[in-house]
Protein chains: 2
Amino acid sequence: MQTQTREEKKRQTRKQLMDAALTLTGSGRHFSSISLREVAKNAGVVPTSFYRHFSDMEELGLNIIDDLGLMLRKLMRTARQHEDYFEAQARNSVEVYAEYVCAHKNYFFFMEQVRTGGSSALRKAIRNELKYFSNELASDIRPLAQLSSTDDTDLDIICQLIVSTVFECTIDLLDHIETNPAYLDTYIEHTLKKLRCVWLGATSWQS
Amino acid sequence: MQTQTREEKKRQTRKQLMDAALTLTGSGRHFSSISLREVAKNAGVVPTSFYRHFSDMEELGLNIIDDLGLMLRKLMRTARQHEDYFEAQARNSVEVYAEYVCAHKNYFFFMEQVRTGGSSALRKAIRNELKYFSNELASDIRPLAQLSSTDDTDLDIICQLIVSTVFECTIDLLDHIETNPAYLDTYIEHTLKKLRCVWLGATSWQS
DNA sequence: TCTTTCAGTCAACACTTGTTCACTGAAAAT
DNA sequence: ATTTTCAGTGAACAAGTGTTGACTGAAAGA
């Protein structure tokens, strides 16, 4: 069954390379300490083939971030439901988030690692994704009456706070979930409490 | 001047090794991609000498975290001033924090890197330092009348939120401060706004 | 059909890596 | 004064690194 066109085959090895890199990062290694040769080997390909797809590891990383971005957008679409009540919306969002983290551990491991420990280009790319996330949130909640006395710049900052509160201890979730699956609920409840606290502040904010 | 006792000399090279590692992390490289040989070379010492002080890079890292812990405690003591008014206390704390970040860039670079991207032992060690930080905060503000309707566990969570809010975008500060020193003020004002928002929520919290 | 394209292979390169071992020489202990 | 201790040296190792250039063979295009 030689049903594979050349283009398909190329896309496939490309994906294998990216998957190999993600698997390695997910297994406790840091992305910046992973060698091109290791990635190639784990993808079942000779080192020189790597160059047919990426010029170096950084470019591989940037492409992973692109995929990560797509995943985050899907996550947002799933979580968004335009409920008016904060509690319901927040609970749903955090649950969806936690679900995604568990379903795509390697991506989130990569993200947490690279956000603070990647090359400056990689850090910047991740920062952009998070910025997009918080901008979306801002335009979602901007119309709410409870936020009418918050001006745009303050709302932006508050949205950054909300986003970083959710993302911030993802690494803790990833660390604990391996040994103790019950931590998932703890994470959800703790995060919700934090969000409630922020929301309480946001709705009584006077710009 | 052979005034150096053997012990002193040893302590000195030990410090040189740790400083070399910190300098390398501060210059954009990730700690986990730095080799033992590089550290030795930058410390002006032969690779084999490294083993007289640390068994491997991870142990070096743990020792750096110990020093980092000492620094954080000093920072806390400087920031703490038992003001009753939130605004004054918060502003002072954030300013002291930002000052420390600028004065000890390498330590904070290392901390940000390792918290999410170090070996699990290193991550755990950093987590402990942050936990200590938020525990101190909790016992500091526990007596405040405005928090009387917040129970202990909720207060803990809120303190984690406060601490992570301050630490969270340290990497952004470190990234921007190189090219644009004016970002320091932006960072301080943004962080203060976030803290005010959290504080507003915390003081109207009902456990 | 013949020619071109190009993902993947193989061998080789100069270099860096962690770790070993036997060593030196001055400070510390006797 | 003599012996012991031990931080730092230097050479050597097996293994891994990024990158090169010339190659193969099947799919795509003519």
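Keep in mind the model is a prediction, meaning the values are calculated, not measured. Quick note on labels: first sequence line is chain A, next is B, and so on, each numbered from 1.
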Between Lys10(A) and Pro47(B), the residue closer to the 5' end of DNA chain C by nearest nucleotide is Lys10(A)
Between CD of Glu59(B) and P of dG18(C) the distance, given in whole Å, is 15 Å
Taken to the nearest whole Å, CD/Gln12(B) to P/dA7(D) is 14 Å
Rounded to whole Å, the NZ-C1' distance (Lys41(A) to dA15(D)) equals 10 Å
| request: Have a look at Thr48(A) and say if it touches a base, only the backbone sugar-phosphate, or nothing, with a 4.0 Å heavy-atom cut-off. | output: base
Which of dG8(D), dT19(C), dT19(D) is nearest the side chain of Lys9(B)? It is dG8(D)
Is there a donor in the side chain of Thr150(B) and an acceptor in the side chain of Ser207(B), or the other way round, less than 3.5 Å apart?
no
One should read off an interatomic distance between Ile162(A) CD1 and Thr191(A) OG1, to the nearest 0.5 angstrom, of 13.0 Å
**OP:** Name the orientation class of the two ring planes belonging to Phe133(B) and Phe167(B) (parallel below 30°, tilted from 30 to 60°, perpendicular beyond 60°).
**Re:** perpendicular
Per atom distances to the His53(A) side chain, the nearest of dA7(C), dG18(C), dT9(D) is dA7(C)
- Quick one: is Thr5(B) getting a side-chain N or O under 4.0 Å of the dA27(C) phosphate, OP1 or OP2? no
When rounded to whole Å, the CD to P distance for the pair Glu8(A) and dA26(D) reads 18 Å
From the candidates dA28(D), dT9(D), dG8(C), the one with an atom nearest any side-chain atom of Val46(B) is dT9(D)
DNA chain D nearest-nucleotide lookup for Arg52(A) and Asp56(A): closer to the 5′ end is Asp56(A)
Rounded to whole Å, the CD-P distance (Glu38(A) to dT17(D)) equals 6 Å
Would you call the rings of Phe86(B) and Trp199(B) parallel, tilted or perpendicular if under 30° counts as parallel and over 60° as perpendicular? parallel
Between CD of Gln16(B) and C1' of dA7(D) the distance, given in whole Å, is 12 Å
Query - Sugar-phosphate, base or nothing in reach of Ser35(A), heavy atoms under 4.0 Å - result: sugar-phosphate
Rounded to whole Å, CZ of Arg37(B) lies from C1' of dA12(D) at a distance of 10 Å
Is it true that Thr116(B) and Gln113(A) share a donor-acceptor pair across their side chains at a distance under 3.5 Å?
no
Separation of dC6(D) atom C1' from Arg6(B) atom CZ, nearest Å, is 5 Å
